[in-house]
**Student:** 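Have a look at the structure that comes next, please.
What you see is a predicted model, and the numbers here were worked out from it, not measured in a lab. Sequence lines set the chain letters: A, B, ... in the order given, protein chains first and strands last, and positions in each chain run from 1.
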Amino acid sequence: MNEFETLTGLLWRYSPSGREREAVKWLTARMASLGYDAFIDEAGNAVGVMGRGPKQVVLLGHIDTVEGEIKVEQAGNLLYGRGSVDAKGPLACFVDAAARVGAVDGWQFVVIGAVEEERNSDGARFAADRYQPNFAIIGEPNQWDRIALGYKGSAWATVTLRREQTHTASGSQTAAEAAVDAWLQIKSFVDAFNADKQTLFGKLLPTLRGMESGQDGFAQWARLTVGVRLPLEVSPDEWYSNLKALLNASDDDGVQVEPAGFPVPAWRGEKNNRLVRAFLSGIRSQGGEPRFVYKTGTADVNIVAPVWQCPAVVYGPGDSALDHTPHEHIDLEDYRRAVNVLAAALSALTD
Amino acid sequence: MKTVICPECEAQITLEAGAEVGEIVVCPDCGVDLEVTALDPAAVQLAPMEQEDWGE
């Protein structure tokens, strides 16, 4: 058996968000061949269940990638292909590791290749309501010897400012000028909030993602698209409240703040539980020196962890610096080590 | 009673009876986090470094 067959099979089936079907069908068949009870759920996720016990470990990876097909080819120990890192590498690792451990009395391993993670996480939102695991492992690239215990939250908003039309010689502030002021107010607020925060994980990280403006004979308007990465202490609702208060948002004053997309709160996992211990021992068993990592991005863990309320970690081989780049590749030796780590962790966890 | 020496400050630490491999304990003298890496004989190392990284 080719030990990289799951990984290469997934990479061969290019599956950007919204076009995952072929990869899902292939992975389902692959999992069935490895001994899983495998099926495609109502959301279109590939699901494989190993074992029939009442206690459950859910291993949630994602099968979709960003756009941009990369030729699948091996150069030495490096395997190139879209999703090799984000996140077919971690997903394939889950499939191979749980298959190696096999069915364990009293337990079931549920491996999910979720769809749409790179857009609105439809697959994970569906899974969140359907499982109640004892332990959750989420698949994202964090290198084979690191365990991610934190992902920041995320919230998007549109800020719209309206003004009556005025003559350009009047000296009145335009809607576009007011929008610039609004962004500077947001920056000033964030700078004050961040002043005593020692880590990126603890800070508000705002980005201005878009500006547009327009006018007709009677009115002018300007709109900002503002994204923010949230720390644990600021929920999406609190962020929106802060924005509204800061900008004196009200329809009467011509300022509107509207939430956009799917806001998610930050997540931080505990590091002193049985799940983390199993991973620490697993990494050391492969000669590694384990490290914890806190990420400034978001992942499906932000969606499922608040619902599942169980010990959780984010794990997977690959260097996330290669996420979404045209050079995406994975080191096969790291992949092999990650499968060994995860198999050891699952065995310890269910022992 | 299993005792270990803190690698940071050399304090003698007594592990609790139910200690597990992989457990994070805090040195009562210097406050550093330690990982229990073995129980027979007992051993500890400095707990994993905490890093920050970007990425989804």
Side-chain angles (χ1 to χ4, degrees), chain A residues 62 66 85-87 117-118 121 140-143 145-152 154 198-203 205 229 270-285 288-302 314 318-324 345 348, chain B:
Chain A
H62 67 90
V66 293
V85 168
D86 184 16
E117 192 270 353
E118 299 290 356
S121 289
E140 289 289 352
N142 280 303
Q143 303 177 15
D145 56 354
R146 298 200 306 182
I147 305 161
L149 290 178
Y151 277 77
K152 289 181 77 78
S154 171
Q198 304 299 314
T199 64
L200 288 174
F201 196 68
K203 292 181 179 182
L205 303 177
R229 301 293 185 175
E270 291 297 321
K271 61 183 175 186
N272 221 350
N273 60 43
R274 202 167 151 208
L275 179 62
V276 174
R277 288 171 203 161
F279 271 93
L280 293 177
S281 295
I283 291 168
R284 291 195 189 282
S285 76
E289 192 67 35
R291 295 167 289 164
F292 295 133
V293 62
Y294 297 85
K295 310 284 284 203
T296 58
T298 57
D300 278 346
V301 70
N302 297 77
V314 181
D319 180 356
S320 62
L322 296 168
D323 285 6
H324 304 189
Chain B
M1 287 289 189
K2 297 180 186 299
T3 59
V4 293
I5 301 297
C6 173
E8 186 75 8
C9 70
E10 300 185 342
Q12 183 168 300
I13 304 167
T14 302
L15 299 180
E16 293 187 7
E20 296 181 21
V21 171
E23 186 171 342
I24 308 292
V25 298
V26 178
C27 173
D29 275 25
C30 69
V32 73
D33 279 354
L34 301 169
E35 178 190 340
V36 179
T37 53
L39 289 172
D40 193 19
V44 295
Q45 294 185 20
L46 291 175
M49 286 172 50
E50 296 192 354
Q51 303 177 325
E52 288 192 308
D53 199 357
W54 67 279
E56 301 282 75

**Student:** Work out which heavy atom in B/Glu52 is nearest to a heavy atom in A/Phe201; give both atom names and the distance.
**Tutor:**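 Heavy atoms only, the tightest pair is OE2-N, 2.5 Å.
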**Student:** Side chain, backbone, both or neither: which part of A/Ala148 has a non-hydrogen atom closer than 4.5 Å to chain B?
**Tutor:**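 For A/Ala148, there is no contact with chain B at all, as no heavy atom is under 4.5 Å.
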**Student:** Taking B/Glu20, B/Gln45, B/Glu35 one by one, which has the highest count of heavy-atom pairs under 4.5 Å against chain A?
**Tutor:**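 Most pairs with chain A among the choices: B/Glu35.
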**Student:** A/Leu280 and B/Pro48: which non-hydrogen atoms are nearest, and at how many Å?
**Tutor:**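 Scanning both residues, the minimum pair turns out to be CD2-CG, 3.5 Å.
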**Student:** What distance do B/Asp53 atom CG and A/Gln143 atom CD have between them, rounded to the nearest 0.5 Å?
**Tutor:**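 One finds 7.0 Å between CG of B/Asp53 and CD of A/Gln143.
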**Student:** If I compare all heavy atoms of A/Arg277 with all of B/Val21, which pair ends up nearest, and what's the gap?
**Tutor:**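 Reported closest heavy-atom pair: CB-O, 3.6 Å.
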**Student:** For chain B, which candidate among A/Glu289, A/Arg274, A/Arg146, A/Lys152 shows the most heavy-atom pairs at distances under 4.5 Å?
**Tutor:**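 Top option by heavy-atom pairs under 4.5 Å: A/Arg146.
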**Student:** Which bit of A/Arg284 is near chain B, if near means a heavy-atom gap under 4.5 Å: side chain, backbone, both or neither?
**Tutor:**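 The side chain, not the backbone.
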**Student:** Of the non-hydrogen atoms in A/Asn272 and B/Ile24, which two are nearest, and what is the gap between them?
**Tutor:**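 What the structure gives for the nearest pair is ND2-O, 2.6 Å.
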**Student:** Given side chains that start at C-beta, do those of B/Asp33 and A/Lys271 come closer than 4.5 Å, heavy atoms only?
**Tutor:**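 Result yes, sub-4.5 Å side-chain heavy-atom pair found.
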